[in-house]
Structure formats: structure tokens, C-alpha cells
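What follows is a single structure, written as C-alpha cells, with notes after it.
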Amino acid sequence: MLRLHDTHLRDKRPFTPLDPTNVRVYFCGPTVYDRAHLGNLRAMMCADILIRLLRTLYPRVTYVRNVTDVDDKINARAKENGEDISALTERTTQAFHEDLASLFILPPDIEPRATHHIDDMLEMIGRLVENGHAYVAEGHVLFAVRNFPSYGTLSGRSLDDMIAGARVEVAPYKRDPGDFVLWKPSEPDLPGWDSPYGRGRPGWHIECSAMSHRYLGESFDIHGGGDDLLFPHHENERAQSMCCYPHGKFATHWVHNGMLLSNGEKMSKSLGNFFTIREVLDRSPAEPLRLLYLGAHYRSTLDFSWEKLDEARRVLDRLYRALERGDAQAGAAVPAPVMDALCDDLNTPLAIAALHPLADAAMQSDQDAASGLLAAGKMLGLFNVTPAEWFQSGVDAGAIEKLIEERLAARKSRDFARADAIRAQLAADGITLEDGPGGTTWRKA
RNA sequence: GGUCCGGUGGCAGAAUGGUGAUGCAGCGGACUGCAAAUCCGCGUACGUGGGUUCGAUUCCCGCCCGGACCUCCA
């Protein structure tokens, strides 16, 4: 039984799908104007673990994650680069896919693009205008927040608080300061679509409402994304969708992940304190980065550092060694302590802690424990390579073997100075030797 | 200014109203020609002041500190 924290309820509760034969999940995807950074990755990783778990618990999961390919930042970046907008979005989307694939993040079942769903958005906007939840003003279509009584309940803020705390100038055509744009006029040189309100482009929030409705219906199970999307994006999505389809529930369960920090501050493009996924993968294999994310609960903040990445690598060294010693076999069941931890609101730190007793036993050649460890790791998206690949890929094995033989001869004749020199030489190249009863083995340090 | 979240040992990070996870680092030992790996053992914690309780790190209140959101953001 899966228990999941629900943002709307502000507490954990049992997860019960609307349709147990098809669990439906929507996560907000990237706006494709630049390479994804480590902060963006947090939500993708959170979704990945959730989807992996749901897939083992239910026969079918429909996972939708959108691509936002119409946006002011995209327009600005394209102009800056002197690049065609569609070339920019195409190139960035592809890079995004590559980055996530190299981290073993499962692709969504459906990945809709906003620009392919303008008709769906216009249909929703039309309905909202018709039923009085939206109004047209100076070429804009605006959502009237005052007409939706439960506006603000998702993010836990009242309209009056928001007005009191408003730091932004209110556009004169808004009836209420909290009203937000569904559709806005587009300049001739920017992307635009014909509509009953003139040539224009959609507001950000309506995109997700339209795409989730298209693929998941009026009611679906889980809507997720980063904490920073809770307000206004998710609050607005919910308002639009529920006013447009009053008989639907929209998302029954809201999941929000905490932010990734860099030196104690949110990692973001606007602050400029970010590392792209690519930059990190140029310096480290993928799995330590994955383990680093899994080492903190998804709802808490996580401060990235290279030291933590290095520690994660050392932990993986030990786990891979345990797999090797225990001769792990594929196909075992995920051990209960790991499964239980994940079913308790995706408690990945606890799940990882549960890996260590398995590794201890595997280290003593307990094959069942080793196989359980393998299954548990795979559940977490780890152990995508073999121990041999983990320890020995990417170096010239032949040359190393030759030096090991030379050293063995030196040791036999008790020429330890020579033997140690060879070992030191290999160490300088990042190769560690281990002398055991069965001979000498080597691995990347 | 408004709203919300959090403050656990050197670091990271769980659980929990009463037997102080787990990992990394450190220290001691076994093993080893010496190492490495492995094994055994050790240490140090619950921001602060009150309250509730037989008993609080765990519940409640104040304070301090940090972070997020209120504007594009995962």
C-alpha cells in the first residue's frame, strides 16, 4: 500500500487510483530554451522514482510530461542567438532527452508539445469565456479568480494575502489583481495563432490544463512538479480546469518536490548559480549523481556539492563490490524493507539505508542478499552496468594485466621495491590493485 | 511586508513520546611483505526559552536562524 504526501491536504494519505487498471500521472516538463540544469533534474528524478514504483504496484501507468515550446523566454533566447525558434526548441528538446536518458530516467508515455495543442487551449478558453470564468480585455483573455471560490486553497494562500503582498504592478485591464492571462496578443514577428480574440499566443498555465485534459481527462490521479510551481502555476491550472470542467476533479493528488540548492541558495537560471546536467556528467559517471538525489527525501531541499557526488561514488563502489562478491543474479524480488520505505511517501534515503545490510551479507557471499540488492538497486534506477563495467570500463585492461604479472614476478622474488613501484605507477594512472587469496585484481580508483 | 517549510553527531540523512537508524569521514584492531579491499570495535546529536506528560529530539507556544513562494522558474 502506497502512502503519498498530498500538497493540497498537507499530509500523507493512502494513494487510491481513480482507475486501478490505469494510473494517470502528469508532471510539468521543461521550457525548452536552454540545457537542463541540476535543479530541473530534481523534479524529473522525483517523477522517475514515483513512476518506477507505480509500475511495480499497478498493471498500467500513463505518464504524461509536457514540453513547453512557446514561451517568452524562448522568443528572447532565439532572438539573442539569432536562431530560428523552432530550431532552438528542437535542439533543446533533444538535448533534454539525451541528458535524462544518460541518467536512466524513464521517458514519459506521452510527451505533448504545447504548440501542437493550441486548439485544445482555445477550446478551453472559449468555454471559460462562455461560462463567465474568463473575460476579454484589450486583446487579452483573463481568468477571473474571484469567480472560483476555492482559488488559493491548493497553495494555501488567500487572495487578500496575495494582494497585500503583491510586489508587481497590476495591468490596468485586470478586473482583479489576481487575474491571470489565458491568451495574449502576439507581435507580428513572434509566434502567434489566429483566434476569436485576434492573433495571439497562450498564457503559460493554460498549456498544462489543456494537455492534461487531452491525455488524462477531466480527473486523473497525480499531478506533480517542483515546489516553485505550486503558486501560481498549479493553483491557476487547477482553477482553469475545474471551472472549465466542473464535474471533473482535475488532479486528486498533488506531489511537489523540494528545491535543489547550490551553496544554500536555490539553483536557478535567473540566479546563475547552476550546473547543467551535461557539465556534471562530463566530470562524473551518472549513477553517483542519481544516488546523490536519492539520498535526500524528495520533499526536502538538497544542497548540491561535488563532495557529495564523490561520497556517492564511494558508496556505489562498495555496493558494486557487494554485487560482485555475492554473484548477484537478476530477477529477484525487491526486498521488503526497500519496498516498504518507498511505499512510505517515496522515502528513498531509508530505502538506500536498507541496501547496506544486504550489501554486508552479499559481501559474505550470500547470493540471495546480493540478488535482492541488485533488484532493489534496479528499482531505484541504479546498477545499470555490471560490476566489471563499473570498475574497469574505459581503460586499457591489457596493459594493466601485463604490469600486474610483472609485479607478481617481483613479489615472488621478494623484490618489494619493484612491486611497489609498479603499484604506485598504476595508482598514478587511477588504478588500484587488490591482492587477495585468489590473486591480484584491479579497479579504477 | 504577506504565506509556507525546515533547524538531528565532523558531514550527509531517516525514524521515533520511553531500548540514541544508515552512510561518508575519523580513530583503534584483525588480515597483508606493505597496501587496497574486507571484517571487528569506538566516539560525538537532537537551534533556543517555556508548556503538556510519569517521561519529549519527537506534541503545543514564543524567540532566534536558514530556505522557498508571493515575478519567469523543477
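Here is how names work: the chains are called A, B, and so on, in the same order as the sequence lines, proteins then strands, and each is numbered from 1. For clarity, every value in this text was computed on a predicted model and none was experimentally measured.
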Quick one: is rU38(B) close enough that its OP1 or OP2 comes under 4.0 Å of any side-chain N or O from Arg321(A)?
yes
Quiz prompt | Presence of donor-acceptor pair under 3.5 Å, side chain of Asp227(A) and base of rC4(B) | solution = no
So, with a heavy-atom separation below 4.0 Å from RNA chain B, the residues of residues 39-54 of chain A are Gly39(A), Asn40(A), Arg42(A), Ala43(A)
Salt bridge (Lys or Arg N to Asp or Glu O under 4.0 Å) filter on Asp435(A), not counting sequence neighbours, yields Arg407(A), Arg411(A)
Polar pair under 3.5 Å, donor/acceptor by atom type, side chain Arg423(A), base rA35(B) = yes
Contacts of Gln367(A) meeting side chain to side chain contact (heavy atoms under 4.5 Å, CB included) (sequence neighbours excluded), chain-then-number -> Asp327(A), Gln329(A), Ser371(A)
Among the nucleotides rC70(B), rA74(B), rA36(B), whichever has the atom closest to the side chain of Arg157(A) is rC70(B)
If one requires at least 3 consecutive Watson-Crick or G-U pairs with distances under 3.5 Å, the stems of RNA chain B turn out to be B:1-7 with B:64-70, B:10-12 with B:22-24, B:26-30 with B:38-42, B:47-51 with B:59-63
Worksheet item: Taking OP1 and OP2 of rA37(B), is either one under 4.0 Å from a side-chain nitrogen or oxygen of Arg325(A)?
Response: no
field: Residue-phosphate contact under 4.0 Å: Thr348(A) side-chain N/O, rG13(B) OP1/OP2
entry: no
query = Hey, are Lys174(A) and Glu138(A) close enough for a salt bridge, meaning a charged N less than 4.0 Å from a carboxylate O?
reply = no
With a 4.0 Å cutoff (strictly under), does any side-chain N or O of Arg299(A) reach OP1 or OP2 of rG6(B)?
no
Contacts of Arg318(A) and Met267(A) projected onto RNA chain B by closest heavy atom; the upstream (5') one is Arg318(A)
Here the residues of residues 361-396 of chain A within 4.0 Å heavy-atom distance, strictly under, of RNA chain B are Met363(A), Gln364(A)
Q | Check: Arg411(A) side chain, rG33(B) base, donor-acceptor under 3.5 Å | A | yes
By side chain to side chain contact (heavy atoms under 4.5 Å, CB included), Pro202(A) pairs with (sequence neighbours left out) Val70(A), Ile118(A), Met121(A), Trp183(A), Trp193(A), Ile206(A), Glu207(A)
